[in-house]
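Only heavy atoms go into these numbers, but all of them, side chains included; no hydrogens, no water, no symmetry mates.
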Amino acid sequence: MPNKTTAIAHSNIALIKYWGNFDARLRMPLNDSLSMNLDALTTETTVEFDDALAQDEIVLGGEPADEKTSARVVEQLNRIRREAKTKSFARVHSKNNFPSATGLASSASAFAALTLAATRAAGLELSERQLSILARQGSGSAARSIPAGFVEWLAATNVTSTSDQSYARQLLPPDAWDLHDVIAIVSRDAKKVGSSEGHAVVNTSPFLGERISRLPIRYHRVRRELLNKNLKGMGAEIETEAIELHMLAMTSRPPIFYWSPATVRVMDAVRQWREEGLEAYYTLDAGPNVHVLVEGKHAAEVANRLRTFADVQEVIVSGAGGGAKLSEAHLF
Ligand code: PMV
């Protein structure tokens, strides 16, 4: 068995969202999605398979992982053990470069880094596409943290589609566009309802069918403007898309509310700044924190404005990030 392996992956912010599965077990999504990797937010993971271990040992940020997280990591290791035809258990140490209590703890960077590190440690050399397919099964959005830069994840929703058709690929490299995500942290609480639970109940929203039938038009518009590097051209669609994700969550049974009063205050402010001529657009993940997208030249100004809000606890500024990659700096 090869030596211990370390991988680094970036988190990503979706411009067109993944919300709901066509096949929950394989995490094959209901729709195609688009995202940008976030250079400032990384997970670093070291994996070593060791015949002397009696079970997998999973340490996150220096602490043993809780039961739920461990179970999900073990499932991903099992997929990799099956492919590599090994029965050895693994030592997995992982840490985020962003404060873990920002509410940004992202399964995307975590499962992308784990998948690259563990496959290599198990002796597998997978292509980017194969890694994306495997990362997807750990956490859907992790599929998009494998390629670098601006990425699209193909859903593959025909009745004849198979798992190996649902993967993410690069649309633009990170340096092709100086787009920035200025993240307003309005809550550091771990979310009460995880995205897996949100995906599981989305089909109880009466609006899901309407969304899925209309989404291809929005998808192609945003994809085209992304390739044109035209934030203004896609901004309105991105905001509508973020609101729609939350509308689906709020109208699911049981309803899921991720917004806080501060979320709405920041969204209102961004709209106001735009009226005053500052080209900024917001988007949100499954949480209350607001991601403000701007050209690089406006990033510092927007960050300063966000810092003046009493209920913005921290601001993180990120450009477009690279893909999952190996590192020589092991965590143990
Ligand atoms: O990968 P998951 O299961 O954590 O789902 C991610 C869901 C959103 O972040 C809300 C949207 C997205 O496309 O990333």
Side-chain angles (χ1 to χ4, degrees), residues 1-14 18 21 23 25-29 32-39 41-49 56 58 72-86 88 90 92-96 106-156 161-174 320-331:
M1 188 69 64
N3 273 336
K4 73 174 77 154
T5 310
T6 300
I8 300 179
H10 297 280
S11 176
N12 68 74
I13 178 70
Y18 153 50
N21 288 307
D23 182 325
R25 188 180 60 84
L26 288 168
R27 294 184 198 268
M28 289 172 72
D32 298 341
S33 55
L34 294 171
S35 62
M36 163 184 163
N37 281 356
L38 298 175
D39 189 45
L41 304 180
T42 62
T43 301
E44 216 174 318
T45 302
T46 301
V47 179
E48 179 178 44
F49 287 91
D56 293 316
I58 297 144
R72 214 162 144 187
V73 171
V74 168
E75 264 180 45
Q76 186 70 347
L77 291 169
N78 286 341
R79 287 183 192 101
I80 291 162
R81 278 188 277 260
R82 272 197 299 277
E83 295 236 356
K85 300 187 177 38
T86 174
S88 304
V92 177
H93 287 223
S94 188
K95 68 166 202 226
N96 295 329
S106 165
S107 57
S109 51
F111 279 92
L114 172 68
T115 303
L116 176 57
T119 52
R120 283 299 185 105
L124 297 169
E125 288 233 11
L126 303 186
S127 66
E128 180 180 283
R129 175 171 170 171
Q130 289 171 317
L131 285 167
S132 178
I133 291 162
L134 197 49
R136 187 201 80 220
Q137 293 169 66
S139 178
S141 56
R144 296 189 312 239
S145 281
I146 297 288
F150 300 86
V151 168
E152 77 176 331
W153 172 15
L154 305 169
S161 296
T162 52
S163 174
D164 61 354
Q165 290 168 316
S166 181
Y167 64 98
R169 63 183 181 195
Q170 182 179 85
L171 285 177
L172 288 176
K325 61 174 193 288
L326 296 169
S327 157
E328 292 301 315
H330 303 306
L331 295 183

Roughly how far apart are [X] [atom1] and [Y] [atom2], rounded to 0.5 Å?
X    : Y    : atom1 : atom2 : result
R144 : Q170 : CZ    : CD    : 15.0 Å
R136 : D164 : CZ    : CG    : 8.5 Å
K325 : T42  : NZ    : OG1   : 8.0 Å
H330 : T5   : NE2   : OG1   : 7.0 Å
L114 : T46  : CG    : OG1   : 11.0 Å
S145 : L116 : OG    : CG    : 12.0 Å

- Message: With side-chain hydrogen bond (donor to acceptor under 3.5 Å, both in side chains) as the criterion, how do S109 and S11 come out once you've worked through the C-alpha distance, each side chain's angles and the decisive distance to 0.1 Å?
- Response: CA-CA 4 Å; S109 51; S11 176; 4.8 Å; no
Please check: side-chain N/O of [X] versus main-chain N/O of [Y], any donor-acceptor pairing under 3.5 Å?
X    : Y    : result
N37  : P174 : no
R169 : E152 : no
E128 : A324 : no

- Item | Cationic N near anionic O, under 4.0 Å, R79 to E75 | yes
- Item | Pairs flagged by ring-ring contact (aromatic ring centres under 6.0 Å, His included) wherever residues 111-135 is involved - sequence neighbours left out | none
- Message: Between V92 and L77, does the side-chain contact (heavy atoms from CB on, under 4.5 Å) criterion hold? Intermediate values first, please.
- Response: CA-CA 10 Å; V92 177; L77 291 169; 4.0 Å; yes
Taking the side chain as everything from C-beta on, heavy atoms only, tell me whether [X] gets closer than 4.5 Å to [Y].
X    : Y    : value
T162 : M28  : no
R81  : V74  : yes
Q76  : S139 : no

Shortest non-hydrogen contact from [X] toward [Y]:
X    : Y    : result
A143 : A168 : O-CB, 3.2 Å
A121 : V47  : CB-O, 3.6 Å
L131 : T115 : O-CG2, 3.9 Å
A90  : D56  : N-OD1, 2.7 Å
A113 : A7   : O-CB, 3.5 Å
A108 : A142 : O-CB, 3.3 Å

- Message: Name the residue from S35, S132, P29 that meets the side-chain contact (heavy atoms from CB on, under 4.5 Å) definition with W153.
- Response: P29
- Task: Go through the steps to decide whether Q165 and L154 satisfy the test side-chain contact (heavy atoms from CB on, under 4.5 Å), and finish with yes or no.
- Result: CA-CA 7 Å; Q165 290 168 316; L154 305 169; over 6 Å; no
- Item | Verdict with reasoning, E44 to T6, per side-chain hydrogen bond (donor to acceptor under 3.5 Å, both in side chains) | CA-CA 7 Å; E44 216 174 318; T6 300; over 6 Å; no
